[in-house]
K.L.:
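Can you keep this structure in mind? I'll have questions shortly.
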Amino acid sequence: MYKVAIIGASGYTGAQLVQLVQQHPSLTLAGTYVSENSADAGKNIGALHGNLAHVDATLTPISNEILVALTSQVDFIFLATPHEASHDWMPTLSSGRAKVLDLSGAFRLKDTAVFEQFYGFAHTQKNSLDVSVYGLAEWHEDKIANASVIAVPGCYPTASLTALKPLAENGLLDANVRPVINAVSGVSGAGRKASLTTSFFEVSLHAYGVLGHRHTPEIEAYLGTPVIFTPHLGNFKRGILATITVKLAPNVSQSQLDAVYQDAYNGKPIVRLRDSFPKIDDVAHTPFVDLHWKLDEASGYAVVTAAIDNVMKGAASQAIQCLNIMTKQPVETGLVL
Ligand SMILES: NC(=O)C1=CN([C@@H]2O[C@H](COP(=O)(O)OP(=O)(O)OC[C@H]3O[C@@H](n4cnc5c(N)ncnc54)[C@H](OP(=O)(O)O)[C@@H]3O)[C@@H](O)[C@H]2O)C=CC1
Ligand SMILES: CC(=O)N[C@@H](CCC(=O)OP(=O)(O)O)C(=O)O
């Protein structure tokens, strides 16, 4: 059994990780942590997340001493914390034998100037950044297998890259026309902390972060081509539906397009190639990415849709996929029951 600690366990992705660790056949929960001055310190996780009422896990305030001790006491540390906390703690956490999986955006962008522009603070952890591996499980398996620090991808990039990488890797995108990604997320994407924007009465359906969201450079860095990305906040709890319009290279046929997706995801059980456009309800509370696409051969434009659960494949279950790869277990272990 591998021992696992979760820092930021009271949040949406942290609590999801607690549940996934509980149901995983080779993981045991060794500790659940919140910030030093957390209002939830000392509570049982079930007091915050009723679905975990059966789990005996106390939310312990983190300290420097605990951070250091964890590096030798556990095998894996999950960081389900704000970007700043992950950024500051990574050198300590990755200094021992424990491997670290960070759900924040702190170690995804290798270009520190771009990072500062989009995250609003300077990246000063160059050594950790150099060794971090982007945990897009279906695409970076070899690097993930040998990594000590995983930067788990963002939720929108997971949906977007899963849809677009088969096209980019096979040279099927028209180099002169940017893919246009319109994606709608449920409110859990914004985290558990209350805010006016995510309050029940305020949420409707609106675009935000237009032409400036921090996931744009993340998608572009791992796709290798610029995109237009527009996120939207929707009035539902969980899930992301990304509808992506692409102009393909000349003379690509529907059968060629089908073959590219089938080849890319053959033997990848988390990606489901659907025969109709997926709904968020198809993937909510699951680790799957559902994909469907359609080509207008006359114009050369195609529309690809990806549906994921942002808290699962967009964060927690993708982190478990990475752990499965790092421990040489089938990627769906503990996820597809
Ligand atoms: N929600 C989503 O769909 C996704 C989120 N992410 C990323 O994952 C991370 C966690 O997100 P999410 O679960 O939504 O966030 P939440 O706001 O729901 O939870 C954050 C957690 O971190 C704890 N925390 C806050 N500040 C600190 C600190 N300084 N030190 C230690 N713990 C702290 C909080 O508890 P307390 O404040 O009581 O200490 C809480 O447990 C973020 O970086 C987010 O950007 C990534 C992909 C998808
Ligand atoms: C609806 C909503 O607010 N979603 C979040 C994305 C959550 C996510 O993927 O988190 P990272 O910060 O780790 O990249 C946002 O747009 O900021």
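Counting starts at 1 for both ligands and their atoms, in listed order.
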K.L.:
Test side chain to side chain contact (heavy atoms under 4.5 Å, CB included) on Leu291 and Tyr261 and set out the steps.
P.N.:
CA-CA 9 Å; Leu291 291 182; Tyr261 279 106; 4.1 Å; yes

K.L.:
Identify whether the distance between the nearest side-chain nitrogen and carboxylate oxygen of Asp290 and Arg274 falls below 4.0 Å.
P.N.:
yes

K.L.:
Can you list every protein residue that has a heavy atom under 4.0 Å from any atom of ligand 2, sorted by chain and residue number?
P.N.:
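Those residues closer than 4.0 Å to ligand 2 by some heavy atom are His83, Leu103, Gly105, Arg108, Gly154, Cys155, Tyr156, Ser185, Gly186, Gly189, Ala190, Tyr208, His213, Arg214, His215, Leu233.
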
K.L.:
Just do the side chain to side chain contact (heavy atoms under 4.5 Å, CB included) check on Leu27 and Ile320 with the steps written out, would you?
P.N.:
CA-CA 10 Å; Leu27 301 182; Ile320 298 288; 4.1 Å; yes

K.L.:
Identify the closest protein heavy atom to atom 38 (O) of ligand 1: which residue and atom is it, and at what distance?
P.N.:
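For atom 38 (O) of ligand 1, the nearest protein heavy atom is Ser38 OG, 2.5 Å.
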
K.L.:
What atoms of ligand 1 come closer than 4.0 angstrom to any heavy atom of Tyr12?
P.N.:
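Taking each heavy atom of Tyr12 in turn, ligand 1 has 13 (O), 18 (O) under 4.0 Å.
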
K.L.:
Please state which protein non-hydrogen atom is closest to atom 15 (O) of ligand 1 and give its distance, to 0.1 Å?
P.N.:
Gly191 CA, 4.0 Å

K.L.:
According to side-chain contact (heavy atoms from CB on, under 4.5 Å), who are the partners of Gln23, at least two apart in sequence or on a separate chain?
P.N.:
Gln19, Leu20, Leu337

K.L.:
Relative to the ring of Phe115, is the ring of Tyr119 parallel (under 30°), tilted (30 to 60°) or perpendicular (over 60°)?
P.N.:
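The rings of Tyr119 and Phe115 lie parallel, inter-plane angle below 30°.
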
K.L.:
Under 3.5 Å, is there a donor-acceptor pair between the side chain of Glu218 and the main chain of Gly154?
P.N.:
yes

K.L.:
To which of Lys193, Arg238, Arg192 does the heavy atom nearest atom 18 (O) of ligand 1 belong?
P.N.:
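Ranked by closest heavy atom to atom 18 (O) of ligand 1, first place is Arg192.
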
K.L.:
Which pair of heavy atoms, one from Leu101 and one from Cys322, lies closest together, and at what distance?
P.N.:
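Shortest heavy-atom separation between Leu101 and Cys322 comes out as CD2-CB, 3.7 Å.
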
K.L.:
Quick one: does Ile325's side chain get under 4.5 Å of Leu323's, heavy atoms only?
P.N.:
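Of all side-chain heavy-atom pairs linking Leu323 with Ile325, none is under 4.5 Å.
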
K.L.:
Indicate yes or no: does an N/O atom of Gly11 lie under 3.5 Å from an N/O atom of ligand 1?
P.N.:
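Yes: some nitrogen or oxygen of Gly11 is under 3.5 Å from one in ligand 1.
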
K.L.:
With atom 37 (O) of ligand 1 as the reference point, say which of Ser35, Ala316, Ala319 has the nearest heavy atom.
P.N.:
Ser35

K.L.:
What's the verdict on ring pair (Phe, Tyr, Trp, His ring centres under 6.0 Å) for His87 and His123, showing C-alpha distance, side-chain angles and the deciding distance?
P.N.:
CA-CA 8 Å; His87 168 272; His123 207 299; 4.7 Å; yes

K.L.:
Would you mind listing the cluster partners of Val311? Hydrophobic ones only (ILVMFWY), side-chain contacts under 4.5 Å, chaining allowed.
P.N.:
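Besides Val311, the cluster holds no residue at all.
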
K.L.:
Hey, is atom 44 (C) of ligand 1 touched by any protein heavy atom at less than 4.0 Å?
P.N.:
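Under 4.0 Å from atom 44 (C) of ligand 1, zero protein heavy atoms found.
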
K.L.:
Do any nitrogen or oxygen atoms of Gly8 lie less than 3.5 angstrom from nitrogen or oxygen atoms of ligand 1?
P.N.:
yes

K.L.:
Output the rest of the hydrophobic cluster of Leu70: all Ile, Leu, Val, Met, Phe, Trp and Tyr residues reachable through side-chain heavy-atom contacts under 4.5 Å, sorted by chain and number.
P.N.:
Ile7, Tyr33, Ile62, Ile66, Leu67, Val74, Ile77, Leu79, Trp89, Met90, Leu93, Val100, Phe107, Leu129, Val131, Val149

K.L.:
Measuring only between side-chain heavy atoms, which start at C-beta, is Thr333 closer than 4.5 Å to Pro25?
P.N.:
yes

K.L.:
Tell me, please: is Trp89 in heavy-atom contact with ligand 1, that is, under 4.0 Å?
P.N.:
yes

K.L.:
Based purely on interatomic distance, does Arg108 place a nitrogen or oxygen under 3.5 Å from a nitrogen or oxygen of ligand 1?
P.N.:
no

K.L.:
Classify the contact between Ser188 and ligand 1 as side chain, backbone, both or neither, using a heavy-atom distance cut-off of under 4.0 Å.
P.N.:
backbone

K.L.:
At what distance is the nearest protein heavy atom to atom 9 (C) of ligand 1, and which residue and atom is it?
P.N.:
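The answer is Thr81 O, 3.4 Å.
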
K.L.:
Report yes or no: does Asn170 contribute a side-chain atom to a donor-acceptor pair with the main-chain N or O of Pro166 at less than 3.5 Å?
P.N.:
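Side chain of Asn170 to backbone of Pro166: a pair is present.
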
K.L.:
Suppose I only count heavy atoms of Ala315 and a 4.0 Å limit; which atoms of ligand 1 are within that range?
P.N.:
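Those qualifying, in numeric order: 47 (C), 48 (C).
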
K.L.:
Does the ring center of His213 lie less than 6.0 Å from the ring center of Phe118?
P.N.:
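No - the distance between ring centres of His213 and Phe118 does not fall below the 6.0 Å cut-off.
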
K.L.:
Taking the six-membered ring for Trp, are His83 and Phe121 ring centroids under 6.0 Å apart?
P.N.:
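Ring centroids of His83 and Phe121 are no less than 6.0 Å from each other.
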
K.L.:
Tell me which protein heavy atom sits closest to atom 3 (O) of ligand 1, plus the residue, atom name and distance to 0.1 Å.
P.N.:
Asn310 ND2, 2.9 Å

K.L.:
Which protein heavy atom lies closest to atom 5 (C) of ligand 1, and at what distance to 0.1 Å?
P.N.:
Thr13 CG2, 3.7 Å

K.L.:
Under 4.0 Å, counting heavy atoms only: does Pro82 come that close to any atom of ligand 1?
P.N.:
yes

K.L.:
To which protein heavy atom is atom 7 (C) of ligand 1 closest, and what is the distance rounded to 0.1 Å?
P.N.:
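Protein heavy atom at minimum distance: Leu103 O, 3.3 Å.
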
K.L.:
Closest by any non-hydrogen atom to atom 20 (C) of ligand 1: pick that one out of Gly239, Gly314, Ala80.
P.N.:
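Shortest heavy-atom distance from atom 20 (C) of ligand 1: Ala80.
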
K.L.:
Give the atoms of ligand 1, by number and element, whose distance to some non-hydrogen atom of Ser10 is under 4.0 Å.
P.N.:
34 (C), 35 (O), 40 (C), 41 (O)

